[in-house]
Amino acid sequence: MTDWSQLHHAYGTAEDIPSLLGAVSPAPKDSGWTALWSRLCHQGTVYSASYAALPALRDMARQWSPADRQMPLVLAGAIAASTDQPYGEQDPHVAYASEMSDLTQLTEEALRDPALGDDPGTYVYLLAALLSFEGVDVWGEQLDGLNDDEYEVSCPACSTENFIAFGEYGFFSTTDSMYMNETAAKKTPLQPADASALKGLAQRLHSRALGDGQTDVAQKLTYVFGKAQCAECDEVFSVAEAITTRWDA
């Protein structure tokens with residue numbers, strides 16, 4: 001039995017976690033999820049209670065149908081991916097190896113839910129959770145940039161901050177954070193990767209997205225794993241390498 005009184009979350013001792021876990025429903029708008037997120041993964045920070053909650057989140061996902069288990073999987077994925085551990089480093093892939101294996105399988109099942117064809121945002125969150133459970137560095141936390149249609153990275157040559165945009169405002173790099181305005185500064189077109197030339201993780205994610213009917217996600221991945229030209233010094237660089245350089249712990 002877990003002694004929650006000896007564990008901590010963002011606001012203090014974790015004695016309230018069991019009741020919150022027991023009361024929450026599958027509905028994404030259930031206020032219980034907001035309470036759990038703010039305590040267990042507050043702005044990406046995790047605590048001793050965060051890891052202790054992983055078995056309960058696994059059990060919750062196991063009891064619910066693939067279409068209903070999105071919330072516990074995404075929260076568990078964020079906990080597993082977090083590198084912000086100010087209260088003692090712990091590798092959940094070691095301490096909770098069995099839970100990670102189960103969560104991987106449960107997420108695979110959820111990703112096959114046909115309803116996700118109309119919900120690419122949730123699909124990306126679940127795909128990120130899958131990478132988290134598998135222990136893939138950086139992308140478990142950062143893949144959700146696909147939902148924001150941008151990444152902010154530093155040019156490897158001159159260190160200038162570039163916004164890499166790939167959505168409704170176009171596909172370009174710029175140093176202007178207000179690039180959505182017509183008066184935005186210089187915009188340099190992105191160079192998407194040739195899908196047939198993708199390798200490793202990039203190839204796996206792209207092929208999976210296509211296989212799951214997520215063509216928009218697949219297209220965005222070609223830009224994330226393609227190249228950008230710095231809007232300041234014109235250096236051409238790998239977007240994915242710039243992302244991993246910025247967030248690799």
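Please read these numbers as outputs of a predicted model, since none were measured by experiment. Excluded from the calculations below are hydrogen atoms, water molecules and symmetry mates; all remaining heavy atoms, backbone and side chain alike, are included.
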Could you check whether any side-chain heavy atom of [X] comes within less than 4.5 Å of a side-chain heavy atom of [Y], counting everything from C-beta outward?
| X | Y | value |
| --- | --- | --- |
| Leu57 | Ile79 | yes |
| Trp33 | Leu75 | yes |
| Thr122 | Leu116 | yes |
| Met180 | Glu168 | no |

Test your reading of the model: is there a side-chain donor-acceptor pair from [X] to the backbone of [Y], 3.5 Å cut-off?
| X | Y | answer |
| --- | --- | --- |
| Ser173 | Gln229 | yes |
| Lys227 | Gln191 | no |
| Thr245 | Ala242 | no |
| Gln85 | Gln90 | yes |
| Arg58 | Leu103 | no |
| Ser82 | Ala78 | no |
| His93 | Ser132 | yes |
| Glu141 | Gly44 | no |
| Asn162 | Thr175 | no |
| Asp148 | Glu150 | no |

Inset, instruction - Please determine, by modelled atom types, if Asp68 and Ser65 share a side-chain donor-acceptor pair under 3.5 angstrom. - result: yes
Legend entry - Ser196 versus Asp194, side-chain donor and acceptor atoms under 3.5 Å: yes
Inset, instruction - Evaluate the side-chain contact (heavy atoms from CB on, under 4.5 Å) criterion for residues Tyr151 and Val224: first the C-alpha distance (whole Å), next the side-chain angles of each, then the deciding distance (0.1 Å), finally the verdict. - result: CA-CA 9 Å; Tyr151 283 94; Val224 172; 3.8 Å; yes
Inset, instruction - Evaluate the ring planes of Tyr96 and Tyr51, with Trp represented by its six-membered ring, and classify them as parallel (under 30°), tilted (30 to 60°) or perpendicular (over 60°). - result: parallel
Any ion pair linking [Y] and [X] (charged N to carboxylate O, less than 4.0 Å)?
| X | Y | result |
| --- | --- | --- |
| Arg246 | Glu161 | yes |
| Asp212 | Arg112 | no |
| Asp176 | Lys186 | no |

Between atom [atom1] of [X] and atom [atom2] of [Y], what is the distance when rounded to the nearest 0.5 Å?
| X | Y | atom1 | atom2 | answer |
| --- | --- | --- | --- | --- |
| Thr107 | Leu73 | OG1 | CG | 4.0 Å |
| Leu210 | Leu205 | CG | CG | 11.0 Å |
| Leu221 | Gln219 | CG | CD | 10.0 Å |
| Met60 | Leu106 | CE | CG | 12.5 Å |
| Trp247 | Asp137 | CH2 | CG | 15.0 Å |
| Leu126 | Leu131 | CG | CG | 11.0 Å |

Closest non-hydrogen atom pair, [X] against [Y]:
| X | Y | result |
| --- | --- | --- |
| Val217 | Ala209 | CG1-CB, 4.1 Å |
| Leu40 | Ala53 | CD1-CB, 3.8 Å |
| Ala218 | His206 | O-CD2, 3.1 Å |
| Cys41 | Val46 | SG-CG1, 4.3 Å |
| Cys230 | Cys233 | SG-N, 3.4 Å |
| Ala67 | Gln70 | O-NE2, 3.6 Å |

Inset, instruction - Answer yes or no: does atom CD of Glu108 have more than 12 heavy-atom neighbours from other residues, nucleotides or ligands under 6.0 Å? - result: yes
Are [X] and [Y] near enough that their ring centres are under 6.0 Å apart?
| X | Y | value |
| --- | --- | --- |
| Phe166 | Phe171 | no |
| His42 | Tyr11 | yes |
| Tyr179 | Phe172 | yes |

Inset, instruction - Check the pair Tyr125 / Asn147 against side-chain contact (heavy atoms from CB on, under 4.5 Å), numbers first and verdict last. - result: CA-CA 9 Å; Tyr125 288 132; Asn147 287 338; 3.4 Å; yes
Inset, instruction - Go through the steps to decide whether Thr13 and Trp4 satisfy the test side-chain contact (heavy atoms from CB on, under 4.5 Å), and finish with yes or no. - result: CA-CA 7 Å; Thr13 60; Trp4 294 95; over 6 Å; no
Inset, instruction - Please test Glu15 against Arg39 for salt bridge (charged side-chain N to carboxylate O under 4.0 Å, His left out), starting from the C-alpha separation and ending with a verdict. - result: CA-CA 11 Å; Glu15 295 165 286; Arg39 286 162 172 76; over 6 Å; no
Inset, instruction - Output, in order, the C-alpha distance, side-chain angles, deciding distance and verdict of side-chain hydrogen bond (donor to acceptor under 3.5 Å, both in side chains) for Ser5 and Asp3. - result: CA-CA 5 Å; Ser5 67; Asp3 185 355; 2.5 Å; yes
Legend entry - Met100-Val94 co-clustered via ILVMFWY side chain contacts under 4.5 Å: no
Legend entry - side-chain contact (heavy atoms from CB on, under 4.5 Å) assessment of Thr244 paired with Trp139: CA-CA 8 Å; Thr244 55; Trp139 295 105; 3.7 Å; yes
